[in-house]
Peer 1: 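Right, I'll just put the structure down here and ask away after.
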Amino acid sequence: MTSAQTFGPVGKLAAAPVIELRGLSKTFRGVTGPVRAIDGLDLTVTAGEVVAFLGPNGAGKSTTIDMVLALQRPDAGDVRILGGSPGDAIAAGRVSAVLQSGGLLPEVSVADTVRMVAALHSRPRPVREVLVRAGIDAIADRPVGKCSGGEQQRLRFALALLPDPDLLVLDEPTTGMDVEGRRRFWDALRADARHGRTILFATHYLDEADAYADRIVLIREGRVVADGSAAEVKNLAAGRTVSATLPGADQVRLSAIAGVDRVEQRGDRILVHGNDSDAVARYLLTATPAVDLEVSGHNLEDAFLALTGDH
């Protein structure tokens with residue numbers, strides 16, 4: 001796919017852009033020659049939006065995030081953050097990031113880590129406040145090295161909240177968190193977004209993107225291929241899935257039905273993916289002993305695979 005399938009902006013349409021990426025390109029020197037990581041990428045994000053930035057490994061997500069955070073410069077194109085350069089926005093404390101790893105001292109306690117980083121900011125939020133917001137006030141005295149991976153991620157979140165940023169950029173923010181921790185984390189972020197904070201996050205948990213993002217941006221080979229709400233992006237993956245309990249189904253016969261793309265047998269359940277669910281359902285109900293038949297639309301994972309896969 002060579003161009004993005006784009007819908008109208010989501011959220012506060014009249015707000016000034018928080019992120020403006022125009023014609024970004026970035027090439028790295030690879031073992032076998034130049035590798036184009038970003039290829040003319042355009043993206044605009046406005047205040048208060050929660051945007052999921054998704055793509056397969058090597059699609060250019062991390063490189064784009066690095067340019068938003070002034071960790072890399074594009075070979076071509078323009079990056080504007082809150083109306084100015086990324087470096088100026090970060091220096092002013094208007095941008096914070098939660099990354100996957102690094103930056104923590106294992107011997108220092110959770111609270112002392114926050115206090116040390118708070119001392120680097122001119123007007124930080126209170127230490128107690130950010131500990132509570134991140135859900136780690138109960139482990140404030142615990143050495144960082146004794147914290148689980150999920151607790152360390154929440155500590156990074158607390159550090160990112162210290163300058164009270166306008167833009168929060170998150171790269172795989174809930175890695176290592178349990179289900180309850182993930183839910184509390186996203187509840188806190190959604191509350192912040194309602195008060196105007198803008199959130200851009202990359203994740204491999206597609207259920208998080210589906211549940212919590214106002215907007216999904218899919219990229220492939222350094223280009224945006226879809227941009228819209230979760231429902232709009234899911235609708236780009238045409239077709240439906242018909243499933244039923246049918247041990248030992250005749251997959252060859254099912255595959256021969258007009259419009260069928262793929263047939264899967266999962267234990268006693270048969271799953272038939274295609275564009276004519278009525279024809280599949282009619283066959284299963286009249287020509288087989290199938291029971292417990294269900295018809296469902298595609299989910300975000302289906303759309304992700306359809307829009308970013310090699311086919």
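Just so it is clear, the model here is predicted, and its values are computed rather than measured.
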Peer 1: Would you kindly check if the NZ (Lys) or CZ (Arg) of Arg183 is within the cone defined by 45 degrees around the ring axis of Tyr212 and under 6.0 Å from the six-membered ring centre?
Peer 2: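 Here Arg183 fails the 6.0 Å and 45° test against Tyr212.
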Peer 1: Check whether any side-chain heavy atom of Ile136 lies under 4.5 Å from a side-chain heavy atom of Arg142, and answer yes or no.
Peer 2: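 Not in contact.
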Peer 1: Would Tyr205 and Trp186 count as a close aromatic pair, with their ring centres under 6.0 Å?
Peer 2: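 Ring centres of Trp186 and Tyr205 not closer than 6.0 Å.
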Peer 1: Do Met116 and Leu155 share a hydrophobic cluster, counting only Ile, Leu, Val, Met, Phe, Trp and Tyr and linking them when any side-chain heavy atoms are less than 4.5 Å apart?
Peer 2: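 No, it is not one cluster - the side chains of Met116 and Leu155 are not joined through contacts under 4.5 Å.
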Peer 1: Side chains of Thr174 and Glu208: donor-acceptor distance under 3.5 Å anywhere?
Peer 2: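 Yes.
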Peer 1: When you measure from the side chain of Glu232 to the backbone N and O of Ile216, does any donor-acceptor pair fall under 3.5 Å?
Peer 2: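 Not at all, since once roles are kept as given, no pair shorter than 3.5 Å links the two residues.
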Peer 1: Do Ile81 and Leu167 touch side chain to side chain, with heavy atoms closer than 4.5 Å?
Peer 2: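 When only atoms from C-beta onward are counted, Leu167 and Ile81 do touch, with a gap below 4.5 Å.
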Peer 1: List the atom of Gly181, the atom of Asp178, and the distance in Å for their closest heavy-atom pair.
Peer 2: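 The answer is N-OD1, 2.6 Å.
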Peer 1: Looking at Ser148, is its backbone amide N or carbonyl O close enough to the side chain of Glu151 to form a donor-acceptor pair, meaning the two atoms are under 3.5 Å apart?
Peer 2: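 A pair under 3.5 Å: yes.
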Peer 1: Tell me which pairs pass side-chain hydrogen bond (donor to acceptor under 3.5 Å, both in side chains) where either residue lies in residues 26-36, with sequence neighbours left out.
Peer 2: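 For residues 26-36: Thr27-Arg36, Arg36-Asp39.
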Peer 1: So, taking the atom named NE2 in His121 and the one named CG in Asp164, what distance separates them when rounded to the nearest 0.5 Å?
Peer 2: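 If we round to the nearest 0.5 Å, His121:NE2 and Asp164:CG are 11.0 Å apart.
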Peer 1: For Pro173, does its backbone N or O pair with a side-chain atom of Gln153 as donor and acceptor, under 3.5 Å?
Peer 2: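 Yes; at least one donor-acceptor contact below 3.5 Å.
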Peer 1: At their closest point, which heavy atom of Thr198 faces which heavy atom of Gly48, and how far apart are they?
Peer 2: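 The answer is OG1-N, 3.0 Å.
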Peer 1: Kindly indicate whether the side chain of Val50, heavy atoms from C-beta on, has any atom under 4.5 Å from the side chain of Leu189.
Peer 2: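 Result no, sub-4.5 Å side-chain heavy-atom pair not found.
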Peer 1: With a 4.5 Å cut-off on side-chain heavy-atom distances among I, L, V, M, F, W and Y, is there a chain of contacts connecting Leu21 to Ile90?
Peer 2: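 In one cluster with Leu21: Ile90, yes.
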Peer 1: Is there side-chain contact between Ile257 and Asp276, with heavy atoms separated by less than 4.5 Å?
Peer 2: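 Counting from C-beta outward, Ile257 and Asp276 never come under 4.5 Å.
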Peer 1: Per the salt bridge (Lys or Arg N to Asp or Glu O under 4.0 Å) rule, what does the pair list look like for residues 57-69, sequence neighbours excluded?
Peer 2: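 Sorted result for residues 57-69: empty, none.
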Peer 1: Any chance you could lay out the side-chain contact (heavy atoms from CB on, under 4.5 Å) test for Val169 and Phe201, step after step, and finish with the verdict?
Peer 2: CA-CA 6 Å; Val169 179; Phe201 71 96; over 6 Å; no
Peer 1: Between Ala209 and Ala52, what is the shortest heavy-atom contact and its length?
Peer 2: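 Scanning both residues completely, I find the closest heavy atoms to be CB-CB, 3.7 Å.
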Peer 1: Keeping the roles fixed (side chain from Ser96, backbone from Ala160), state whether a donor-acceptor pair exists under 3.5 Å.
Peer 2: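 Yes, Ser96 side chain to Ala160 backbone: donor-acceptor pair under 3.5 Å.
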Peer 1: Consider only side-chain heavy atoms of I, L, V, M, F, W and Y, link residues closer than 4.5 Å, and tell whether Leu271 and Tyr283 are in one cluster.
Peer 2: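 Shared cluster, no.
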Peer 1: In plain terms, say whether Asp112 and Arg115 are close enough for a salt bridge, that is, a side-chain N and a carboxylate O under 4.0 Å apart.
Peer 2: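 Result for this pair is yes, salt bridge flagged.
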Peer 1: Should Val272 and Ile270 count as side-chain neighbours, where that means a heavy-atom distance under 4.5 Å?
Peer 2: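 Yes - at least one pair of side-chain heavy atoms lies under 4.5 Å apart.
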Peer 1: Is there side-chain contact between Asp207 and Arg182, with heavy atoms separated by less than 4.5 Å?
Peer 2: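 Side-chain contact under 4.5 Å: yes.
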Peer 1: List the steps and the verdict of side-chain contact (heavy atoms from CB on, under 4.5 Å) for Asp250 and Leu254.
Peer 2: CA-CA 6 Å; Asp250 185 347; Leu254 286 165; 5.8 Å; no
Peer 1: Are Val144 and Phe157 co-members of a hydrophobic cluster defined by side-chain heavy atoms under 4.5 Å apart?
Peer 2: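 Hydrophobic grouping puts Phe157 with Val144.
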Peer 1: Verify the distance criterion only: is there a donor paired with an acceptor across the side chains of His273 and Asp302 at less than 3.5 Å?
Peer 2: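 No pair is found: no donor N or O on one side chain lies under 3.5 Å from an acceptor on the other.
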Peer 1: When rounded to the nearest 0.5 angstrom, what is the spacing between CG in Asp75 and CG in Leu24?
Peer 2: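 Nearest 0.5 Å value for the CG-CG distance: 10.0 Å.
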Peer 1: Can you give me the closest heavy-atom contact between Pro56 and Ile219, atom names plus distance?
Peer 2: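 Shortest heavy-atom separation between Pro56 and Ile219 comes out as CD-O, 3.6 Å.
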Peer 1: Ignoring hydrogens and geometry, is there a side-chain-to-backbone donor-acceptor pair from Gln265 to Arg269 under 3.5 Å?
Peer 2: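 Yes, because the side chain of Gln265 sits within donor-acceptor range (under 3.5 Å) of the backbone of Arg269.
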Peer 1: Test side chain to side chain donor-acceptor pair (under 3.5 Å) on Thr288 and Arg253; report intermediate values, then the result.
Peer 2: CA-CA 11 Å; Thr288 77; Arg253 174 66 186 88; over 6 Å; no
Peer 1: How many angstroms lie between atom CD1 of Ile65 and atom CZ of Phe53, to the nearest 0.5 angstrom?
Peer 2: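 Reported to 0.5 Å precision, the distance equals 6.5 Å.
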Peer 1: Is a donor on one side and an acceptor on the other found under 3.5 Å between the side chain of Thr63 and the backbone of Gly60?
Peer 2: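 Side chain of Thr63 to backbone of Gly60: no pair is present.
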Peer 1: Atom CD of Glu172 and atom OG1 of Thr203: how far apart are they, to the nearest 0.5 Å?
Peer 2: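 Taking CD in Glu172 and OG1 in Thr203, the distance rounds to 4.5 Å.
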Peer 1: Should Asp214 and Arg190 count as an ion pair when the cut-off is N to O under 4.0 Å?
Peer 2: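 Yes, this pair counts.
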Peer 1: Does Arg154 qualify as a cation-pi partner of Phe185, given the criterion of NZ or CZ under 6.0 Å from the six-membered ring centre and within 45 degrees of its axis?
Peer 2: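 Not satisfied by the 6.0 Å and 45° rule.
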Peer 1: Quick one: does any side-chain atom of Glu49 pair with a main-chain N or O of Thr46 as donor and acceptor, under 3.5 Å?
Peer 2: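 At least one qualifying donor-acceptor pair exists.
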Peer 1: Among the clusters formed by ILVMFWY side chains lying less than 4.5 Å apart, do Val295 and Leu284 turn up in the same one?
Peer 2: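 Yes; Leu284 is reachable from Val295 via cluster members.
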Peer 1: Quick check for you: to the nearest 0.5 Å, what is the distance between Thr64 atom OG1 and Leu41 atom CG?
Peer 2: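 Answer rounded to 0.5 Å: 5.0 Å.
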Peer 1: State, yes or no, whether a side-chain contact exists between Val263 and Val252 at a heavy-atom distance under 4.5 Å.
Peer 2: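 Val263 vs Val252: side chains apart.
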Peer 1: Check whether Arg223 reaches the backbone of Ile38 with its side chain - one donor and one acceptor, N or O, closer than 3.5 Å.
Peer 2: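 Not at all, since once roles are kept as given, no pair shorter than 3.5 Å links the two residues.
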Peer 1: Against Leu218, only a single residue in Leu54, Asp227, Val224 fulfils side-chain contact (heavy atoms from CB on, under 4.5 Å); can you say which?
Peer 2: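 Of Leu54, Asp227, Val224, side-chain contact (heavy atoms from CB on, under 4.5 Å) with Leu218 is met by Leu54 alone.
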Peer 1: Under a 4.0 Å threshold between the charged nitrogen and the carboxylate oxygen, would Arg197 count as salt-bridged to Asp166?
Peer 2: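 Salt bridge flag = no for Arg197 with Asp166.
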Peer 1: Any donor and acceptor pair, going by atom type alone, linking the side chain of Asp42 with main-chain N or O of Gly23 inside 3.5 Å?
Peer 2: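 Looks like yes, one N/O pair under 3.5 Å.
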Peer 1: With rounding to the nearest 0.5 Å, note down the distance linking CG in Leu162 to CZ in Arg123.
Peer 2: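 Rounded to the nearest 0.5 Å, the CG-CZ separation comes to 14.0 Å.
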Peer 1: Walk me through whether Arg128 and Val132 qualify under side-chain contact (heavy atoms from CB on, under 4.5 Å).
Peer 2: CA-CA 6 Å; Arg128 173 68 179 175; Val132 171; 3.8 Å; yes
Peer 1: Are Val233 and Leu300 close enough, and set up right, to give a side-chain contact (heavy atoms from CB on, under 4.5 Å), and what steps lead you there?
Peer 2: CA-CA 7 Å; Val233 171; Leu300 187 58; 4.1 Å; yes
Peer 1: Has Glu107 got a side-chain atom pairing as donor or acceptor with Pro143's backbone, closer than 3.5 angstrom?
Peer 2: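 Not at all, since once roles are kept as given, no pair shorter than 3.5 Å links the two residues.
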Peer 1: Check Leu168 against Ala97 and note the closest heavy-atom contact, atom names and distance.
Peer 2: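 Shortest heavy-atom contact: CD1-N, 4.4 Å.
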Peer 1: Ser243 versus Leu293: any side-chain heavy-atom pair under 4.5 Å?
Peer 2: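 Not in contact.
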Peer 1: Taking all non-hydrogen atoms of both residues into account, name the closest pair between Val114 and Leu159 and its distance.
Peer 2: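 Shortest heavy-atom separation between Val114 and Leu159 comes out as CA-CD2, 3.7 Å.
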Peer 1: For Arg73, does the CZ atom sit with more than 12 other heavy atoms under 6.0 Å from it, leaving out its own atoms?
Peer 2: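 Atom CZ in Arg73 is not crowded, with 12 or fewer foreign heavy atoms closer than 6.0 Å.
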